[in-house]
There are 2 protein chains.
Amino acid sequence: MNSQSEEDYLKALYHLEMDFDAVSTNSIADYLDMKPSSVTDMLKKLAEKKFINYEKYKGTSLTKKGRLIALSIIRKHRLWETFLVEKLGFGWDQVHIIAEQLEHIKSEELIENLDNFLGNPKYDPHGDPIPNKDGEIEKMNQKLLVELKASQKGIITGVKKGTASLLNYLDKEKVKLGDSVKVIEILEFDGTYIVEINKRKLTFSEKICQNLLLETND
Amino acid sequence: MNSQSEEDYLKALYHLEMDFDAVSTNSIADYLDMKPSSVTDMLKKLAEKKFINYEKYKGTSLTKKGRLIALSIIRKHRLWETFLVEKLGFGWDQVHIIAEQLEHIKSEELIENLDNFLGNPKYDPHGDPIPNKDGEIEKMNQKLLVELKASQKGIITGVKKGTASLLNYLDKEKVKLGDSVKVIEILEFDGTYIVEINKRKLTFSEKICQNLLLETND
DNA sequence: CGTAATTTTTAGTCTTGTCTAAAAATATAT
DNA sequence: ATATATTTTTAGACAAGACTAAAAATTACG
Ligand SMILES: [Mn+2]
Ligand SMILES: [Mn+2]
Ligand SMILES: [Mn+2]
Ligand SMILES: [Mn+2]
């Protein structure tokens, strides 16, 4: 069984991976309002348990195992928030702190019964999608890279149909699904994108940008 | 704010004070499945906070302050149990462990809203009275079935602690909380009770009679 | 490039809540 | 009443999870 603290770290990791390219020790410390040294200690523990990929000084990312745990906590959090608003009459702005505690209650059956009681809601009171019990979560905003403007970010989720060769190209460039992309600059005269992936600057033609799918957070 | 552990100790103290006159270090250790030395440590801390009266080697008792905290935890415990049974469809015997966690969620407003949502119930699914928010709790005229003599009557209000399996048995026999019981005959040689419930004759072993709680009118 | 600034990790401390082993106090029984 | 048994407390250890201060690695800049 994972501790409350471990669960909060994994959840933080999940949210930070959405918003920023690299998840740094300091960003976690900021997010959780803790000191970076405390974060380092916990990262070691989570790496030991194979919940994250962690290399000293190199930042960190969730493993599949870790992501599933994070999603199960987020599922609980959002179901409880829904309960608090729909059934107990709380305002949408009051429920987060309480759900922060309720999300750690241990009982598979409890959360499935709660889900059914609430009528298997798809979204929480803040409009965020509720992951299902297998950790599947609706992709909120799937966009093409070409739709992004300079400084916007996204996570690579796939390519458009009939463009398998693009996958090969990405592979060769060491770009994988799940990698974060940040638009650095868009060249005006031919629509070329300069982007940053894994701290490397890459150049994508307009055609590539028209076929590369991203998940964004707006 | 008190820790989960402190709250569990205070609740244990409250329950033990009901059943026994003096609350010994060992009885608390037994109840909470901990070592007596750990209990001593915690008793010092609770005494420091003025939640208990404690003198080395002399046993302990709750102060008014401590009793109020214990009752507020018991209130939460029983309201959550009621929620789990009434709204989420859990059985009597499944809810205690989950409520053991839920009772520690911190939010005054949460518990008041839950109380209203449930229609301000007076009793939990085990027939135990729910304290109000001022820590007032109904004192029941409760007896064990084994204390009744032939021809006496009572209303089933619950079972003693740690006898969840008895609840299952009663369920199977279609015996519910609130049912009236009349003692028809007590077999002398093994203490078996023949009782009438809902116009049906049932046979209860002595052990069952030692664990079945009734409300009587004397 | 080389130095300065920043980030991250290490080393060591603290608190909470548990434990074991042993000592001290109290209770029981001859 | 004294010896024995039981209960309770003390002393010391440990794990989790936080912190501070300082060292080490990385990144940024002149
Ligand atoms: Mn939380
Ligand atoms: Mn939400
Ligand atoms: Mn509890
Ligand atoms: Mn109960």
Side-chain angles (χ1 to χ4, degrees), chain A residues 1-13 16-17 19-49 51-61 66 69 73 100-101 103-104 106 180 182 184 196-201, chain B residues 1-13 16-17 19-61 66 69 73 100-101 103-104 106:
Chain A
M1 214 57 351
N2 310 310
S3 71
Q4 181 152 330
S5 197
E6 288 171 331
E7 291 180 347
D8 281 336
Y9 273 92
L10 291 173
K11 197 158 60 91
L13 259 297
L16 289 167
E17 279 190 347
D19 295 353
F20 305 97
D21 337 326
V23 179
S24 67
T25 299
N26 273 3
S27 67
I28 300 168
D30 280 357
Y31 190 89
L32 293 175
D33 200 20
M34 279 196 260
K35 300 298 168 186
S37 55
S38 308
V39 174
T40 300
D41 284 350
M42 183 58 92
L43 291 183
K44 285 182 193 165
K45 189 173 313 172
L46 295 174
E48 190 66 39
K49 288 190 167 194
F51 293 157
I52 62 173
N53 307 114
Y54 170 65
E55 260 187 293
K56 269 193 196 179
Y57 295 105
K58 296 264 175 67
T60 187
S61 62
I69 295 171
I73 307 301
E100 203 55 51
Q101 299 176 65
E103 70 191 357
H104 303 289
K106 260 80 176 174
S180 276
K182 181 178 182 182
I184 303 297
E196 190 180 290
I197 300 177
N198 297 326
K199 295 177 187 158
R200 281 187 307 138
K201 284 212 169 60
Chain B
M1 210 63 348
N2 309 308
S3 72
Q4 181 152 330
S5 198
E6 289 171 331
E7 291 181 346
D8 282 336
Y9 273 91
L10 291 174
K11 196 159 60 93
L13 259 297
L16 290 167
E17 278 190 348
D19 296 353
F20 307 96
D21 254 15
V23 179
S24 67
T25 300
N26 273 4
S27 67
I28 300 168
D30 280 356
Y31 190 88
L32 294 175
D33 200 18
M34 279 196 262
K35 299 298 168 186
S37 56
S38 308
V39 174
T40 300
D41 285 349
M42 183 57 92
L43 292 183
K44 286 182 192 164
K45 188 172 314 173
L46 295 175
E48 191 65 40
K49 289 190 167 193
K50 311 276 193 211
F51 294 157
I52 62 173
N53 308 115
Y54 170 65
E55 259 187 294
K56 269 193 197 179
Y57 296 104
K58 295 263 175 69
T60 186
S61 62
I69 295 171
I73 306 303
E100 204 54 51
Q101 299 176 65
E103 69 191 358
H104 303 290
K106 261 79 175 175

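Just so it is clear, the model here is predicted, and its values are computed rather than measured. Proteins get letters first, then strands, A, B, ... in listed order; numbering begins at 1 in each.
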| Below 4.0 Å: OP1/OP2 of dC19(D) and any side-chain N or O of Ser38(A) | yes
| said: When you measure from the side-chain N and O atoms of Asn26(B) to the phosphate of dT8(D), is any distance below 4.0 Å, counting only OP1 and OP2? | reply: yes
| said: Whole angstroms only, please: what is the CD-C1' distance between Gln4(A) and dA18(D)? | reply: 14 Å
| Has Ser5(B) got a side-chain N or O lying under 4.0 Å from the OP1 or OP2 atom of dT18(C)? | yes
| message | Please confirm whether the shortest side-chain N or O distance from Thr40(B) to OP1 or OP2 of dT10(D) is below 4.0 Å. | response | no
| request: Figure out the CG/P separation between Asp41(B) and dT16(C), and round it to whole Å. | output: 12 Å
| Rounded to whole angstroms, how far apart are NZ on Lys35(A) and P on dA16(D)? | 24 Å
| query | Are any of Lys45(A)'s side-chain N or O atoms less than 4.0 Å away from OP1 or OP2 of dA16(D)? | reply | no
| field | First encountered from the 5' end of DNA chain D, between Lys44(B) and Lys56(A) | value | Lys44(B)
| note | On DNA chain D, more 5' by nearest nucleotide between Lys199(A) and Ser37(A) is Ser37(A)
| Once you round it to whole Å, what is the distance between C1' of dC14(D) and CE of Met34(B)? | 17 Å
| request: Answer yes or no: does a side-chain N or O of Tyr9(A) lie under 4.0 Å from OP1 or OP2 of dA16(D)? | output: no
| message | Is there a side-chain contact between Tyr57(A) and the phosphate of dA23(D), meaning an N or O under 4.0 Å from OP1 or OP2? | response | no
